[in-house]
Amino acid sequence: MSLKLTRGDLMRSQNLIGGKWVDAAGAARFPVTNPATGETIVEVANSTAADARAAADAAAKAFKDWRDRLPRERAEILRRWHALIVATSEDLAKLMSMEQGKPMAESRGEVAYGASYVAWFADEATRIYGDLIPQQQRGKRMSAIKEPVGIVAAITPWNFPLAMIARKIAPALAAGCTVVAKPAEDTPLTALALAALAQEAGVPDGVLNMLSASREYGIEAVADWLSDERIRKITFTGSTAVGKHLARESAGTLKKLSLELGGNAPFIVFDDADLDAAVTGVMAAKFRNGGQTCVCPNRIYVQAGVYGRFADLLSKRVAALKVAPATDPDAQIGPMINARAIDKIALHVDDAVSHGASVLVGGKRLTELGANYYAPTVLAGAKDGMLVCSEETFGPVAPLFRFEDEAEAIRFANDTPFGLAAYFYTRDIRRIERVGRQLEAGVIGVNEGAVASEAAPFGGVKESGYGREGSKYGLDDYLSIKYLCQGGLD
Ligand code: SIN
């Protein structure tokens, strides 16, 4: 299968600032590589603080006009953007597979998923209600209205190059904010194509500004946004370490923050679970995007009575996964994003084995396919103290831990500083109620491995961050409440 684009103009290599596609101020560029082959796809602008400042200037200039537009007008533009994303979905999927490596079926799914946030927030734009507060004193009327927070800086990860940026930009624009955005250095191309489509949809000049930067230059560009008092909000998806850095560094200007950070999701299979359904749930949740998702199960806890049977069923399904580049239409798992990712996966597996785990399936690099491939893996005998227990592996590795009873499962599951997602499988409705309440996570799958939806609130607790994306709550992070007290009415 060829990944050649029908619309070649969607392959952008410059920054979008103030409605113009421009090179980085210093004219520097850096290569974006295909993780399947290591080849350079294209060189893109390598932006620094000067570009970040220019983007913020453009966003500041555009803010008043955008804020003052009727919500219905903003919604209309978002709807056109959505229609263009849908119309070009095959090209967007190809770009995504090229730079991120995910199989085409997954890239197509992600385009639809990302587009659903744009459609959702187009509708939500027209539903930003305030309150008329019941009267407390004669002659006074009190009300609360919602206003856009101001300029938003969106910083997004490489694992979902389209969906993560769409679900930040769409609510920001719907709320009346203007945006400066920096996609991850590994995957700027899909995001830049999305920006080109936003421009085509009629997003006015300066309302959406996007720049690309290498890891090193990006730190400098983002630092400029962090200290810029005009930028009122940072929305970030990525690691907890970077989230904490952003929180610290933006404290000087007290920005509002939405942080969707790392996870260490438990997946609990109780003795009374439908085991086939639980295996299907693990396959959907763990192996989606090759295990490179913040919500994917990192620790799979299986009750002693069904441990052996579950391990057999899962191993069969995992062994049948096809690992291949996105050019193969049957690919189910692609390459990992880069050498750092693959080294971490190998380290976690080796560490588990050296501490007594056994490899049921996989457990090795697939160098015959390329440098960035790792075999989908099932580990039995995983235990507390192994890296797979305490750190996100971010790869196709399913470590199976054994537990005895419900209390132990909950204790193990919550024994982590993170709290993004958790999953459990049981047929007992009283247990569903008990366990659902006790698990410390922002997103919980109950007899379900595929939890993502634009209509649901997505976000974590504990060190997985704060703020919610999607759903009727997703606009709140881009709005501030203003209280008006009108006197002299008696
Ligand atoms: C993530 O991994 O951060 C996002 C996953 C999702 O939206 O389902």
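First listed ligand is number 1; within each ligand, the first listed atom is number 1. All values reported here derive from a predicted model rather than from experimental measurement.
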[X] heavy atoms, cut-off 4.0 Å: which ligand 1 atoms fall inside?
X      : result
Thr293 : 2 (O)
Ala452 : 8 (O)
Arg167 : 4 (C), 7 (O)
Asn159 : 2 (O)

Side chains of [X] and [Y]: do they bring a donor and an acceptor to under 3.5 Å?
X      : Y      : value
Thr190 : Glu99  : yes
Thr237 : Lys168 : yes
Ser107 : Lys94  : no

Structural part of [X] in contact with ligand 1, heavy atom criterion under 4.0 angstrom:
X      : result
Glu469 : neither
Arg288 : side chain
Val451 : neither

- [ ] Please report the closest heavy-atom contact between Arg468 and Gly442, naming both atoms and the distance.
- [x] NH2-CA, 4.1 Å
TODO: Look at the aromatic rings of Phe160 and Tyr113 and report parallel, tilted or perpendicular, splitting at 30° and 60°.
DONE: perpendicular
Task: Enclosure of Asp350 CG (heavy-atom neighbours >12, cutoff 6.0 Å) - done: yes
Task: Sub-3.5 Å N/O-N/O distance, Tyr113 and ligand 1 - done: yes
Task: Polar contact flag for Phe458 and ligand 1 (N/O pairs, less than 3.5 Å) - done: no
Open item on the list: Please list the nearest protein heavy atom to atom 2 (O) of ligand 1 with its residue and the distance rounded to 0.1 Å.
Closed with: Cys294 N, 2.6 Å
Open item on the list: Suppose we measure from atom 4 (C) of ligand 1 to each protein heavy atom; which comes out shortest, and what is that distance?
Closed with: Met164 CE, 3.6 Å
Task: Salt-bridge criterion met for Asp186 and Arg215 (N-O under 4.0 Å) - done: no
Task: Member of Glu391, Lys462, Arg299, Glu463 meeting the side-chain hydrogen bond (donor to acceptor under 3.5 Å, both in side chains) criterion with Asn264 - done: Arg299
